[in-house]
Protein chains: 2
Amino acid sequence: MANRSQKENTRERIISSAKKLFAEQGYQKTTVVDISKQAGLSEAALYEYFQGKEDLLLTIPDLWVSELLKDLDEQLFGIKGAFGKLRKYLWWYMRRVEQSPLDAKIVYLFLKTNANFLNTQVYSNVRKLYSYLLDIFEEGRTSGEMRGDLNPRFARDIFVGTMDHIITRWLLKDMSYSLFENLEDIFELMTDAFKAHNSEMLNNLHNEAVGVGSENGGDREALA
Amino acid sequence: MANRSQKENTRERIISSAKKLFAEQGYQKTTVVDISKQAGLSEAALYEYFQGKEDLLLTIPDLWVSELLKDLDEQLFGIKGAFGKLRKYLWWYMRRVEQSPLDAKIVYLFLKTNANFLNTQVYSNVRKLYSYLLDIFEEGRTSGEMRGDLNPRFARDIFVGTMDHIITRWLLKDMSYSLFENLEDIFELMTDAFKAHNSEMLNNLHNEAVGVGSENGGDREALA
DNA sequence: CATAGGACCTAATATCATTAGGTCTCCCGT
DNA sequence: ACGGGAGACCTAATGATATTAGGTCCTATG
């Protein structure tokens, strides 16, 4: 009993030490000695808990992403409309990243470089995390909120790409500002592409209206 | 003379060996012995050319990105319209990536994890590469091709994010398909968000039109 | 033809990751 | 109460690999 929780405790001490050091100095520059010192034990003891440094690198994000995945269902539960869900998804994820910047840093900066990444549990969980988005876009398309010709995969690529880009920059800049700065505006801009109205609706209105919009003085031919 | 070019030659042999091995096995798993063997010399000789393994990691993408930067001006020269330039930018970049997958792999997968990345020449060149986009969006906005309220930075985030996401997936999947698959559709979808017409134009038309579009059966309230 | 410099080599050295082979403590059955 | 055994931890190898020291050899030049 006491043993069990003692052992659990040590394990967690190792994890949080490793997390801190990996995020601070990078995976390569962090030595196993560093980690064990920080956790208050010897190198050898660490090997009782983990197979090695790489195992540690893979375990940390695994825990985090599993937890995210568990939370996601609940977070989206009861939210109405595809755009509502999409917005909640983004805000939720950004907040989780802000709350666990060390985990996020490891996932975004160190994990992808690992040759085994594609075979890890983490990867498969990240895919699940993203596949929720496909459902949301599908829902939006069939409900008519989003364009009828929307391809959920392409929409997901844009959404995830933008999100990851914002997060990666934030991590590289040492988390020196809030992830939510401008998020509203970027969300609005991006989701505009998904909305049902543009050409379809314009076609339904009179075509002659095209070109008279106050902001549209430019040469449209260039688009062709 | 012969010396000079001999030396140049050796340097390039080292670079291309390192590139190949880094991309194949990853940075960590590649040893200096591997690289020098592949290049046909001893480890020690390699240190005549590079300060070490990390220097090599940073040199390789530096060369590539500098070259890209030099090329970009020329590629965009003479292209009319912001959307025209945007499209050319994307197609050009994707092709360069497809042509130099090893360089791309190193930039996208291994570079960001390096603690010094932010202080490297590569980083500053990548920024320059991306800052072209700001100009393009600015041009689009003022010319009226793009929405009047378009924030060039946000548009860039979406554009770069999407592009990088597509490339990263392609690299992780071992470049097993063409980067140009679906590129047209994704480009169309994404740039739709930037186009000048939506709300501005709809507002100019009659507001009562909203909701009667054939594809809009869904509940719009959820958007609020 | 002697020699200086450059390109390269072999053989250290230093820094880790990982493992071998203990010690110490606490708990359990007798 | 006590012997032993299991678990948690330790010190001290071992092995791999980045980096450096200190040459050798070849070539070009006076």
Side-chain angles (χ1 to χ4, degrees), chain A residues 1-61 106 110-111 113-117 120, chain B residues 1-61 106 110-111 113-117 120:
Chain A
M1 284 301 180
N3 265 346
R4 176 121 256 164
S5 79
Q6 187 54 36
K7 188 146 189 192
E8 228 5 80
N9 182 303
T10 304
R11 189 182 155 89
E12 270 160 28
R13 242 172 36 244
I14 295 173
I15 289 181
S16 82
S17 304
K19 200 185 285 191
K20 180 159 174 285
L21 292 168
F22 285 161
E24 259 172 22
Q25 336 176 325
Y27 175 72
Q28 294 167 53
K29 299 226 167 101
T30 301
T31 70
V32 174
V33 187
D34 288 342
I35 300 172
S36 26
K37 237 180 217 154
Q38 175 93 25
L41 28 67
S42 75
E43 302 149 80
L46 188 147
Y47 284 85
E48 297 279 321
Y49 294 86
F50 297 94
Q51 291 182 264
K53 201 179 160 187
E54 186 173 330
D55 182 27
L56 214 32
L57 177 71
L58 295 176
T59 298
I60 293 170
I106 292 169
F110 305 117
L111 203 55
T113 79
N114 189 283
N116 289 326
F117 174 51
T120 61
Chain B
M1 283 304 179
N3 265 345
R4 175 122 257 164
S5 79
Q6 187 53 38
K7 189 148 188 190
E8 229 6 81
N9 182 304
T10 304
R11 190 182 154 87
E12 270 160 27
R13 239 171 40 243
I14 295 173
I15 289 181
S16 82
S17 305
K19 199 184 285 191
K20 178 156 174 287
L21 291 168
F22 285 160
E24 258 171 22
Q25 335 175 327
Y27 176 72
Q28 295 166 51
K29 300 227 167 99
T30 302
T31 72
V32 175
V33 186
D34 287 343
I35 300 171
S36 25
K37 236 180 218 153
Q38 175 93 26
L41 27 66
S42 75
E43 303 148 81
L46 187 148
Y47 284 85
E48 297 279 320
Y49 294 86
F50 297 94
Q51 291 183 267
K53 200 180 160 187
E54 186 174 329
D55 183 27
L56 257 174
L57 176 71
L58 295 175
T59 299
I60 292 169
I106 292 169
F110 304 117
L111 204 54
T113 79
N114 188 283
N116 289 326
F117 174 52
T120 60

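Convention: sequence-line order gives letters A, B, ...; per-chain numbering from 1.
Using a 4.0 Å heavy-atom cutoff across all strands shown, Thr30(A) reaches sugar-phosphate atoms only and no base atom.
In this structure, Thr10(B) reaches the dC8(C) phosphate: one of its side-chain N or O atoms is under 4.0 Å from OP1 or OP2. Listed pair Tyr49(A) / dA8(D) fails the phosphate criterion, with no side-chain N or O lying under 4.0 Å from OP1 or OP2.
Residue Thr30(B) comes nearest to Leu21(B) through the heavy atom pair OG1-O, 3.2 Å, listed as atom of the first residue, atom of the second, then distance. Closest of all the heavy-atom pairs between Thr113(B) and Phe110(A) is O-CE2, 3.6 Å.
Comparing Thr31(A) and Glu48(A) by the nucleotide of DNA chain C whose heavy atom lies nearest to each, the residue mapping closer to the 5' end is Thr31(A). DNA chain C is contacted by both Gly40(B) and Gln28(A); Gly40(B) maps to the nucleotide lying nearer its 5′ end (nearest heavy atom per residue).
Regarding Asn9(B), its CG atom lies at a distance of 12 Å from the P atom of dA7(C), rounded to whole Å. Per the geometry, CD belonging to Glu43(A) stands 10 Å off P belonging to dC10(D), to the nearest Å. dT15(C) atom C1' lies 13 Å from atom NZ of Lys53(B), rounded to whole Å. Between the CG atom of Leu56(A) and the C1' atom of dA17(C) there is a distance of 13 Å, given to the nearest Å. For the pair Tyr27(B) OH and dT17(D) P, the computed distance is 14 Å after rounding to whole Å. Regarding Asp55(B), its CG atom lies at a distance of 15 Å from the P atom of dA18(D), rounded to whole Å. Atom CG in Leu46(B) sits roughly 17 Å away from atom C1' in dG6(C) (whole-Å rounding). The nearest whole Å value for the distance from the CG atom in Leu41(A) to the C1' atom in dT25(C) is 17 Å.
Checked options Arg11(A), Glu12(A), Arg13(A); the residue passing with Asn9(A) is Arg13(A) (criterion: side-chain hydrogen bond (donor to acceptor under 3.5 Å, both in side chains)).
Side-chain proximity of Ala44(A) to dA20(C), dC16(C), dC8(C): nearest is dA20(C). For Ala45(B), whose side chain is taken as the heavy atoms from C-beta onward, the closest listed nucleotide among dC9(D), dC8(C), dA18(D) is dC8(C).
Remark: side-chain polar atoms of Lys29(A) are not paired, donor with acceptor, to backbone N or O of Glu24(A) under 3.5 angstrom.
Taking 4.5 Å as the limit, every side-chain heavy atom of Tyr27(A) sits out of range of all side-chain heavy atoms of Ile106(A).
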